[in-house]
Number of protein chains: 2
Amino acid sequence: MRKENSTNAENQKILEMSCGLTYAVELLNGRWKVNVIWNLSKGINRYGQIKRNIPGISEKMLTQRLKDLEKEGLIIREDFKTVPPRVEYHLTEAGKELVPVLKKLCNWGAKVRKETSVSF
Amino acid sequence: MRKENSTNAENQKILEMSCGLTYAVELLNGRWKVNVIWNLSKGINRYGQIKRNIPGISEKMLTQRLKDLEKEGLIIREDFKTVPPRVEYHLTEAGKELVPVLKKLCNWGAKVRKETSVSF
DNA sequence: TACGGTACATACAATTTAGTTCGTAGTTAT
DNA sequence: ATAACTACGAACTAAATTGTATGTACCGTA
(Lines give C-alpha, C1' and ligand atoms only; values in the text may rest on other atoms or scores of the structure.)
Protein backbone atom coordinates (compact mmCIF):
# COMPACT_ATOMS: atom_id res chain seq x y z
CA MET A 1 0.00 0.00 0.00
CA ARG A 2 1.13 3.47 -0.81
CA LYS A 3 1.76 5.87 2.03
CA GLU A 4 -0.59 8.82 2.01
CA ASN A 5 1.86 11.65 2.50
CA SER A 6 5.11 10.65 0.84
CA THR A 7 6.36 12.77 -2.03
CA ASN A 8 5.99 9.71 -4.17
CA ALA A 9 2.31 9.37 -3.35
CA GLU A 10 1.75 13.10 -3.68
CA ASN A 11 3.25 13.13 -7.13
CA GLN A 12 1.15 10.22 -8.19
CA LYS A 13 -1.98 12.04 -7.11
CA ILE A 14 -0.91 15.21 -8.87
CA LEU A 15 -0.29 13.27 -12.05
CA GLU A 16 -3.59 11.44 -11.85
CA MET A 17 -5.39 14.73 -11.45
CA SER A 18 -3.45 16.66 -14.04
CA CYS A 19 -4.73 15.07 -17.22
CA GLY A 20 -6.38 12.09 -18.81
CA LEU A 21 -3.12 10.77 -20.16
CA THR A 22 -1.25 10.53 -16.89
CA TYR A 23 -4.36 9.13 -15.28
CA ALA A 24 -4.55 6.43 -17.91
CA VAL A 25 -0.87 5.61 -17.69
CA GLU A 26 -1.06 5.30 -13.92
CA LEU A 27 -3.96 2.90 -14.39
CA LEU A 28 -2.04 0.74 -16.85
CA ASN A 29 0.95 0.78 -14.58
CA GLY A 30 1.60 -2.54 -12.90
CA ARG A 31 3.00 -5.72 -14.30
CA TRP A 32 0.56 -8.22 -15.86
CA LYS A 33 -2.23 -5.69 -15.80
CA VAL A 34 -2.69 -5.33 -19.53
CA ASN A 35 -2.32 -9.08 -19.94
CA VAL A 36 -5.24 -9.60 -17.59
CA ILE A 37 -7.34 -7.05 -19.46
CA TRP A 38 -6.36 -8.67 -22.72
CA ASN A 39 -7.44 -12.09 -21.48
CA LEU A 40 -10.76 -10.78 -20.25
CA SER A 41 -11.36 -9.13 -23.61
CA LYS A 42 -10.84 -12.55 -25.20
CA GLY A 43 -13.50 -14.13 -23.02
CA ILE A 44 -11.14 -15.76 -20.56
CA ASN A 45 -12.90 -14.93 -17.35
CA ARG A 46 -11.96 -17.33 -14.57
CA TYR A 47 -9.04 -17.01 -12.20
CA GLY A 48 -7.50 -20.36 -13.06
CA GLN A 49 -7.92 -19.85 -16.79
CA ILE A 50 -6.30 -16.45 -16.71
CA LYS A 51 -3.47 -17.84 -14.66
CA ARG A 52 -2.84 -20.60 -17.13
CA ASN A 53 -2.96 -18.07 -19.95
CA ILE A 54 -0.31 -15.82 -18.50
CA PRO A 55 2.80 -17.93 -18.09
CA GLY A 56 4.95 -16.73 -15.26
CA ILE A 57 2.33 -14.89 -13.25
CA SER A 58 2.07 -15.86 -9.61
CA GLU A 59 -1.22 -16.34 -7.82
CA LYS A 60 -0.52 -13.39 -5.59
CA MET A 61 0.10 -11.07 -8.50
CA LEU A 62 -2.99 -12.22 -10.33
CA THR A 63 -5.13 -11.73 -7.23
CA GLN A 64 -3.61 -8.31 -6.70
CA ARG A 65 -4.10 -7.16 -10.26
CA LEU A 66 -7.68 -8.35 -10.33
CA LYS A 67 -8.35 -6.40 -7.15
CA ASP A 68 -6.62 -3.31 -8.54
CA LEU A 69 -8.62 -3.45 -11.74
CA GLU A 70 -11.82 -3.93 -9.80
CA LYS A 71 -11.08 -0.91 -7.62
CA GLU A 72 -10.31 1.14 -10.69
CA GLY A 73 -13.62 0.21 -12.21
CA LEU A 74 -12.28 -1.63 -15.22
CA ILE A 75 -13.56 -5.07 -14.28
CA ILE A 76 -16.32 -6.61 -12.17
CA ARG A 77 -16.02 -9.64 -9.98
CA GLU A 78 -18.85 -12.12 -9.91
CA ASP A 79 -18.83 -14.78 -7.23
CA PHE A 80 -21.10 -17.73 -7.90
CA LYS A 81 -20.80 -18.84 -4.28
CA THR A 82 -20.46 -22.47 -5.22
CA VAL A 83 -18.28 -25.24 -3.90
CA PRO A 84 -15.76 -25.64 -5.39
CA PRO A 85 -15.53 -21.86 -5.76
CA ARG A 86 -16.36 -20.25 -9.06
CA VAL A 87 -15.63 -16.63 -9.76
CA GLU A 88 -15.85 -14.77 -13.02
CA TYR A 89 -14.33 -11.49 -14.00
CA HIS A 90 -15.69 -9.28 -16.75
CA LEU A 91 -14.71 -5.98 -18.29
CA THR A 92 -16.89 -3.00 -17.47
CA GLU A 93 -17.87 -0.52 -20.17
CA ALA A 94 -14.77 1.52 -19.34
CA GLY A 95 -12.66 -1.60 -19.61
CA LYS A 96 -14.18 -2.53 -22.95
CA GLU A 97 -13.52 0.93 -24.31
CA LEU A 98 -9.89 0.58 -23.40
CA VAL A 99 -9.37 -2.49 -25.55
CA PRO A 100 -9.19 -0.76 -28.95
CA VAL A 101 -6.72 1.73 -27.52
CA LEU A 102 -4.60 -1.13 -26.27
CA LYS A 103 -4.74 -2.61 -29.74
CA LYS A 104 -3.26 0.56 -31.19
CA LEU A 105 -0.63 0.58 -28.53
CA CYS A 106 0.08 -3.03 -29.34
CA ASN A 107 0.54 -2.33 -33.03
CA TRP A 108 2.83 0.53 -32.27
CA GLY A 109 4.82 -1.61 -29.86
CA ALA A 110 5.18 -4.45 -32.31
CA LYS A 111 6.38 -2.09 -35.01
CA VAL A 112 8.84 -0.22 -32.85
CA ARG A 113 10.16 -3.42 -31.38
CA LYS A 114 10.96 -4.76 -34.83
CA GLU A 115 12.74 -1.58 -35.80
CA THR A 116 14.83 -1.32 -32.68
CA SER A 117 15.66 -4.97 -32.14
CA VAL A 118 18.40 -4.99 -34.79
CA SER A 119 20.99 -5.49 -32.11
CA PHE A 120 19.57 -8.88 -31.17
CA MET B 1 -1.47 -24.51 -44.34
CA ARG B 2 -2.28 -23.22 -40.94
CA LYS B 3 -5.90 -23.08 -39.91
CA GLU B 4 -7.07 -19.56 -39.17
CA ASN B 5 -8.77 -20.40 -35.92
CA SER B 6 -6.70 -23.26 -34.59
CA THR B 7 -5.69 -23.07 -31.00
CA ASN B 8 -2.14 -22.79 -32.20
CA ALA B 9 -2.85 -19.80 -34.40
CA GLU B 10 -5.01 -18.18 -31.73
CA ASN B 11 -2.31 -18.62 -29.15
CA GLN B 12 0.31 -17.28 -31.51
CA LYS B 13 -1.81 -14.23 -32.17
CA ILE B 14 -2.46 -13.70 -28.51
CA LEU B 15 1.22 -13.98 -27.75
CA GLU B 16 2.25 -11.64 -30.55
CA MET B 17 -0.34 -9.12 -29.51
CA SER B 18 0.46 -9.35 -25.87
CA CYS B 19 4.12 -9.07 -26.69
CA GLY B 20 3.77 -5.82 -28.64
CA LEU B 21 1.43 -4.57 -25.99
CA THR B 22 3.56 -5.49 -23.03
CA TYR B 23 6.53 -4.06 -24.86
CA ALA B 24 4.73 -0.76 -25.33
CA VAL B 25 3.49 -0.66 -21.77
CA GLU B 26 6.98 -1.32 -20.48
CA LEU B 27 8.21 1.61 -22.54
CA LEU B 28 5.55 3.92 -21.16
CA ASN B 29 6.28 2.71 -17.67
CA GLY B 30 8.08 5.19 -15.49
CA ARG B 31 6.73 8.29 -13.89
CA TRP B 32 6.82 11.55 -15.92
CA LYS B 33 7.69 9.69 -19.09
CA VAL B 34 4.56 10.45 -21.06
CA ASN B 35 4.68 14.02 -19.84
CA VAL B 36 8.10 14.41 -21.39
CA ILE B 37 6.92 12.90 -24.66
CA TRP B 38 3.88 15.13 -24.60
CA ASN B 39 5.99 18.24 -24.13
CA LEU B 40 8.32 17.29 -26.94
CA SER B 41 5.35 16.73 -29.21
CA LYS B 42 4.27 20.29 -28.49
CA GLY B 43 7.64 21.73 -29.48
CA ILE B 44 9.02 22.17 -26.00
CA ASN B 45 12.49 20.84 -26.55
CA ARG B 46 14.93 22.16 -23.99
CA TYR B 47 15.70 20.67 -20.61
CA GLY B 48 14.81 23.78 -18.65
CA GLN B 49 11.62 24.37 -20.58
CA ILE B 50 10.44 20.84 -20.09
CA LYS B 51 11.26 21.06 -16.41
CA ARG B 52 9.22 24.24 -16.02
CA ASN B 53 6.37 22.62 -17.89
CA ILE B 54 6.18 19.59 -15.62
CA PRO B 55 5.50 20.84 -12.09
CA GLY B 56 6.86 18.53 -9.45
CA ILE B 57 9.49 16.75 -11.52
CA SER B 58 12.99 16.79 -10.08
CA GLU B 59 16.06 17.40 -12.19
CA LYS B 60 17.26 13.90 -11.54
CA MET B 61 14.02 12.35 -12.74
CA LEU B 62 13.95 14.50 -15.85
CA THR B 63 17.53 13.60 -16.70
CA GLN B 64 16.79 9.95 -16.09
CA ARG B 65 13.65 9.90 -18.20
CA LEU B 66 15.35 11.72 -21.06
CA LYS B 67 18.11 9.13 -20.97
CA ASP B 68 15.62 6.29 -20.86
CA LEU B 69 13.70 7.65 -23.81
CA GLU B 70 16.90 8.15 -25.77
CA LYS B 71 18.00 4.58 -25.11
CA GLU B 72 14.60 3.32 -26.19
CA GLY B 73 14.86 5.21 -29.44
CA LEU B 74 11.93 7.53 -28.90
CA ILE B 75 13.90 10.76 -28.71
CA ILE B 76 17.23 12.15 -29.90
CA ARG B 77 19.54 14.38 -27.95
CA GLU B 78 21.22 17.24 -29.73
CA ASP B 79 24.01 19.07 -27.94
CA PHE B 80 24.89 22.47 -29.39
CA LYS B 81 28.13 22.55 -27.42
CA THR B 82 27.71 26.17 -26.48
CA VAL B 83 28.35 28.09 -23.29
CA PRO B 84 26.00 28.33 -21.52
CA PRO B 85 24.99 24.82 -22.53
CA ARG B 86 22.18 24.30 -24.97
CA VAL B 87 20.70 20.90 -25.58
CA GLU B 88 17.59 20.04 -27.54
CA TYR B 89 15.52 16.89 -27.48
CA HIS B 90 13.35 15.79 -30.34
CA LEU B 91 11.01 12.90 -30.99
CA THR B 92 12.17 10.25 -33.42
CA GLU B 93 9.79 8.78 -36.00
CA ALA B 94 8.84 6.07 -33.51
CA GLY B 95 8.21 8.72 -30.91
CA LYS B 96 6.07 10.77 -33.25
CA GLU B 97 4.00 7.74 -34.16
CA LEU B 98 3.26 7.20 -30.51
CA VAL B 99 1.66 10.60 -30.04
CA PRO B 100 -1.72 9.85 -31.67
CA VAL B 101 -1.95 6.67 -29.61
CA LEU B 102 -1.29 8.69 -26.48
CA LYS B 103 -4.05 11.06 -27.54
CA LYS B 104 -6.51 8.18 -27.66
CA LEU B 105 -5.30 7.00 -24.31
CA CYS B 106 -5.74 10.53 -23.03
CA ASN B 107 -9.32 10.75 -24.22
CA TRP B 108 -10.12 7.41 -22.68
CA GLY B 109 -8.50 8.44 -19.42
CA ALA B 110 -10.34 11.74 -19.28
CA LYS B 111 -13.64 10.02 -19.89
CA VAL B 112 -13.11 7.24 -17.38
CA ARG B 113 -11.84 9.64 -14.76
CA LYS B 114 -14.99 11.71 -15.00
CA GLU B 115 -17.15 8.65 -14.57
CA THR B 116 -15.30 7.25 -11.60
CA SER B 117 -14.41 10.44 -9.73
CA VAL B 118 -17.76 10.82 -8.06
CA SER B 119 -16.05 10.83 -4.69
CA PHE B 120 -14.34 14.13 -5.39
C1' DT C 1 -5.55 -41.32 3.34
C1' DA C 2 -3.50 -38.41 0.44
C1' DC C 3 -3.68 -35.66 -3.40
C1' DG C 4 -5.50 -32.30 -6.78
C1' DG C 5 -8.55 -28.55 -8.03
C1' DT C 6 -10.91 -24.07 -6.76
C1' DA C 7 -9.79 -19.07 -5.53
C1' DC C 8 -7.69 -16.83 -2.80
C1' DA C 9 -4.84 -14.65 2.07
C1' DT C 10 -0.84 -13.57 4.70
C1' DA C 11 3.98 -12.91 6.10
C1' DC C 12 8.13 -11.92 4.56
C1' DA C 13 12.20 -10.99 1.44
C1' DA C 14 14.14 -9.14 -2.69
C1' DT C 15 14.20 -5.88 -6.07
C1' DT C 16 13.28 -1.68 -8.31
C1' DT C 17 11.90 3.02 -8.45
C1' DA C 18 11.44 7.65 -6.83
C1' DG C 19 13.06 11.48 -4.39
C1' DT C 20 16.70 14.47 -1.70
C1' DT C 21 20.86 16.73 -1.42
C1' DC C 22 24.90 18.43 -2.97
C1' DG C 23 28.05 19.39 -6.52
C1' DT C 24 30.16 20.99 -11.41
C1' DA C 25 31.68 25.11 -14.89
C1' DG C 26 31.41 29.06 -17.52
C1' DT C 27 28.73 33.28 -18.34
C1' DT C 28 25.73 37.02 -17.46
C1' DA C 29 22.94 40.08 -14.71
C1' DT C 30 22.41 42.84 -10.33
C1' DA D 1 30.53 40.15 -5.03
C1' DT D 2 26.93 37.33 -5.37
C1' DA D 3 23.50 35.12 -7.44
C1' DA D 4 21.22 32.87 -11.26
C1' DC D 5 21.16 30.38 -15.45
C1' DT D 6 22.47 26.28 -18.26
C1' DA D 7 22.25 20.94 -18.18
C1' DC D 8 23.35 17.74 -15.85
C1' DG D 9 26.28 13.77 -12.27
C1' DA D 10 26.76 11.10 -8.01
C1' DA D 11 25.75 9.44 -3.50
C1' DC D 12 22.31 8.45 -0.65
C1' DT D 13 17.67 7.49 1.48
C1' DA D 14 12.82 6.47 1.30
C1' DA D 15 9.24 4.12 -0.58
C1' DA D 16 6.86 1.16 -3.52
C1' DT D 17 6.57 -2.97 -6.29
C1' DT D 18 7.27 -7.70 -7.10
C1' DG D 19 8.22 -12.38 -5.91
C1' DT D 20 8.36 -16.62 -2.67
C1' DA D 21 6.62 -19.61 0.41
C1' DT D 22 3.31 -20.86 2.92
C1' DG D 23 -1.77 -21.70 4.70
C1' DT D 24 -7.03 -21.74 4.18
C1' DA D 25 -11.63 -24.37 3.28
C1' DC D 26 -14.23 -27.31 0.86
C1' DC D 27 -15.06 -31.17 -2.23
C1' DG D 28 -14.15 -35.19 -5.48
C1' DT D 29 -11.31 -38.83 -6.91
C1' DA D 30 -7.89 -42.70 -6.39
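Just so you know, these numbers come straight off a predicted model, no measurement behind them. Letters A, B, ... are given to chains in the order of the sequence lines, protein chains preceding strands, and every chain is numbered from 1.
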Rounded off to whole Å, could you give me the CD1-to-C1' distance for the A:Ile54 and D:dG19 pair?
16 Å
Quick one: label A:Lys60 by what it contacts on the DNA or RNA (base, sugar-phosphate, nothing), any heavy atom closer than 4.0 Å.
base
Starting at atom CD of B:Glu78, determine the distance to atom P of D:dA7, rounded to an integer number of angstrom.
13 Å
Could you check whether B:Ser58 gets within reach of a base, just the sugar-phosphate, or nothing at all, counting any heavy atom under 4.0 Å?
base
Does D:dA16 have OP1 or OP2 sitting under 4.0 Å from an N or O in the side chain of B:Arg31?
no
Going through the distances and angles, do B:Ile75 and B:His90 end up as a side chain to side chain contact (heavy atoms under 4.5 Å, CB included)?
CA-CA 5 Å; B:Ile75 69 175; B:His90 291 272; over 6 Å; no
Is there a donor-acceptor pair closer than 3.5 Å between any side-chain N or O of B:Thr82 and the backbone N or O of B:Pro85?
no
Scan nucleotides 1-7 of chain C against the protein and return all N/O pairs shorter than 3.5 Å with their distances rounded to 0.1 Å.
{"residue": "C:dT6", "atom": "O3'", "partner": "A:Arg46", "partner atom": "NH2", "Å": "3.1"}
{"residue": "C:dT6", "atom": "O3'", "partner": "A:Pro85", "partner atom": "O", "Å": "3.1"}
{"residue": "C:dA7", "atom": "OP1", "partner": "A:Arg46", "partner atom": "NE", "Å": "2.9"}
{"residue": "C:dA7", "atom": "OP1", "partner": "A:Arg46", "partner atom": "NH2", "Å": "2.8"}
{"residue": "C:dA7", "atom": "OP2", "partner": "A:Gly48", "partner atom": "N", "Å": "3.1"}

Applying salt bridge (charged side-chain N to carboxylate O under 4.0 Å, His left out) to B:Lys111 and A:Glu97, what does each step give before you reach the verdict?
CA-CA 10 Å; B:Lys111 199 187 162 195; A:Glu97 283 166 24; 3.0 Å; yes
Spacing of B:Trp38 atom CH2 and B:Cys106 atom SG [to the nearest 0.5 Å]
5.0 Å
Quick one: do the B:Arg65 and B:Asn35 side chains pair a donor with an acceptor below 3.5 Å?
no
Would you indicate, yes or no, if C:dT17 has its OP1 or OP2 atom less than 4.0 angstrom from a side-chain nitrogen or oxygen of A:Asn8?
no
Using a strict threshold of under 4.0 Å (side-chain N to carboxylate O), is an ion pair present between A:Lys33 and A:Glu72?
yes
For DNA chain D, what residues of residues 61-73 of chain B have any heavy atom nearer than 4.0 Å?
B:Thr63, B:Lys67
Tell me the interatomic distance from B:Leu28, atom CG, to C:dT17, atom P, rounded to whole angstroms.
15 Å
Taking side-chain hydrogen bond (donor to acceptor under 3.5 Å, both in side chains) as the test, write out the residues that go with A:Ser18, two or more places apart.
A:Thr22
When rounded to whole Å, the CG to C1' distance for the pair A:Asp79 and C:dA9 reads 15 Å
Would you please confirm or rule out a distance under 4.0 Å between OP1 or OP2 of D:dG19 and any side-chain N or O of A:Trp32?
yes
Rounded distance in Å - CD (A:Glu26) to C1' (C:dA18)
12 Å
Over how many whole Å does the gap from B:Lys33 atom NZ to C:dA18 atom C1' extend?
14 Å
Shared hydrophobic cluster for A:Val99 and A:Ile50 (ILVMFWY, side-chain gaps under 4.5 Å):
yes
Rounded to whole angstroms, how far apart are CD1 on B:Ile57 and C1' on C:dT20?
15 Å
Phosphate oxygens OP1/OP2 of C:dT20: is one of them under 4.0 Å from a side-chain N or O of A:Thr7?
yes
Are side-chain heavy atoms of B:Leu28 and A:Leu105 found at a separation under 4.5 Å?
yes
